[in-house]
Amino acid sequence: MPMAGSTTTGAVQTMSVTAAATGVYDFRFDGYCLTEEFAGATDFYQSEAFSVGGHCWAIRYYPNRQFSWVSLYLVLLSEPADDASVLVHVHATLVDMSGHPTSPRHQDSTSQAFDSGAGEEAELPMEFWKKAVANDNDFFVVRCTVSVLKEPVSFE
């Protein structure tokens, strides 16, 4: 006999047991040829701040940190509360002029626990082959999906 509140339709019921805040942002990088030509290995361009999961973030674009790659890093701009780590996953995809992903090969992602606070850069970059971002319009667009996992509940 079914329990009260249960269903017997064969449908699967799901429940989220973790809480994550997610934001999706498109970043347009204009003047790609000039940035590649004049930027040094440590020079970067930084996006405006955006908020996900109660924290401020930015994307740093390094045109020449790697020889054949364009590198993007997620940066935590705000301080974590109460010395807690900020657990985050970011997925980046190159998109075409119509806003569609260019190719499954032109995606990258990284996950990290940010500990030190304002200005901390992700340890691993999201990298795109320079030939994939170069085009006749001299710009490229990257769609970043940033997910911040809330802290787990712990009992002491």
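All values reported here derive from a predicted model rather than from experimental measurement.
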Q: Might you point out which heavy atoms bring S147 and T22 nearest each other, and give the distance in Å?
A: OG-OG1, 3.0 Å
**Q.** Option among Y73, F114, Y25 that satisfies the ring-ring contact (aromatic ring centres under 6.0 Å, His included) test with W57
**A.** F114
Q.
As an exercise, state the distance from NE2 of H100 to CZ of R143, rounded to the nearest 0.5 Å.
A. 8.5 Å
Q | F140 side chain near V142 side chain, heavy-atom distance below 4.5 Å | A | yes
Q.
Are the side chains of T110 and M126 in contact, using a 4.5 Å heavy-atom criterion?
A. yes
Q. Is a side-chain donor or acceptor of S51 paired with a backbone partner of C56 at a separation under 3.5 angstrom?
A. no
Q) Does F128 belong to the same Ile/Leu/Val/Met/Phe/Trp/Tyr cluster as Y45, with side-chain heavy atoms less than 4.5 Å apart forming each link? A) yes
Q. Hey, quick one: are F27 and V88 part of the same hydrophobic cluster, counting side-chain heavy atoms closer than 4.5 Å, chains of contacts allowed?
A. yes
Q | Other cluster members, M97 - Ile/Leu/Val/Met/Phe/Trp/Tyr, side-chain contacts below 4.5 Å | A | V95, F139, V141
Q) Any ion pair linking D26 and R28 (charged N to carboxylate O, less than 4.0 Å)? A) no
Q. What closest approach, in Å, do A113 and L87 show between heavy atoms, and which atom pair accounts for it?
A. CB-CD2, 3.5 Å
Q) Nearest heavy-atom pair of E120 and D115: which atoms, and what distance? A) OE1-N, 2.9 Å
**Q.** Heavy-atom check, side chain of S109 versus side chain of H89, under 4.5 Å
**A.** yes
Q: Sort and list the pairs that fulfil salt bridge (charged side-chain N to carboxylate O under 4.0 Å, His left out) and have at least one residue in residues 39-48, not counting sequence neighbours.
A: none
Q | Among L72, V133, V70, side-chain contact (heavy atoms from CB on, under 4.5 Å) partner for F29 | A | L72
Q) Is it true that a side-chain atom of R65 and a backbone atom of G40 form a donor plus acceptor pair closer than 3.5 Å? A) no
Q) For D96 and T102, does a side-chain donor sit closer than 3.5 Å to a side-chain acceptor? A) no
**Q.** Least distance between heavy atoms, F50 atom then V146 atom
**A.** CE1-CG2, 4.0 Å
**Q.** F44 reachable from I59 in the ILVMFWY side-chain graph, under 4.5 Å edges
**A.** no
Q) Can you list the residues that meet the side-chain contact (heavy atoms from CB on, under 4.5 Å) rule with V75, with sequence neighbours excluded? A) R60, L77, E121
(Q) Between Q112 (side chain only) and E123 (backbone N and O only), is there a donor and an acceptor less than 3.5 Å apart? (A) yes
**Q.** Derivation of the side-chain contact (heavy atoms from CB on, under 4.5 Å) call for H55 and V148
**A.** CA-CA 9 Å; H55 300 281; V148 178; 4.3 Å; yes
Q. Sub-3.5 Å donor-acceptor pair from the side chain of K130 to the main-chain atoms of P63, do we have one?
A. yes
Q. If you look at every heavy atom in C33 and D138, which pair is closest and at what distance?
A. N-OD1, 2.8 Å
Q) Given side chains that start at C-beta, do those of Y62 and P125 come closer than 4.5 Å, heavy atoms only? A) no
Q. Looking only at side chains, do T35 and Y61 share a donor and an acceptor under 3.5 Å apart?
A. yes
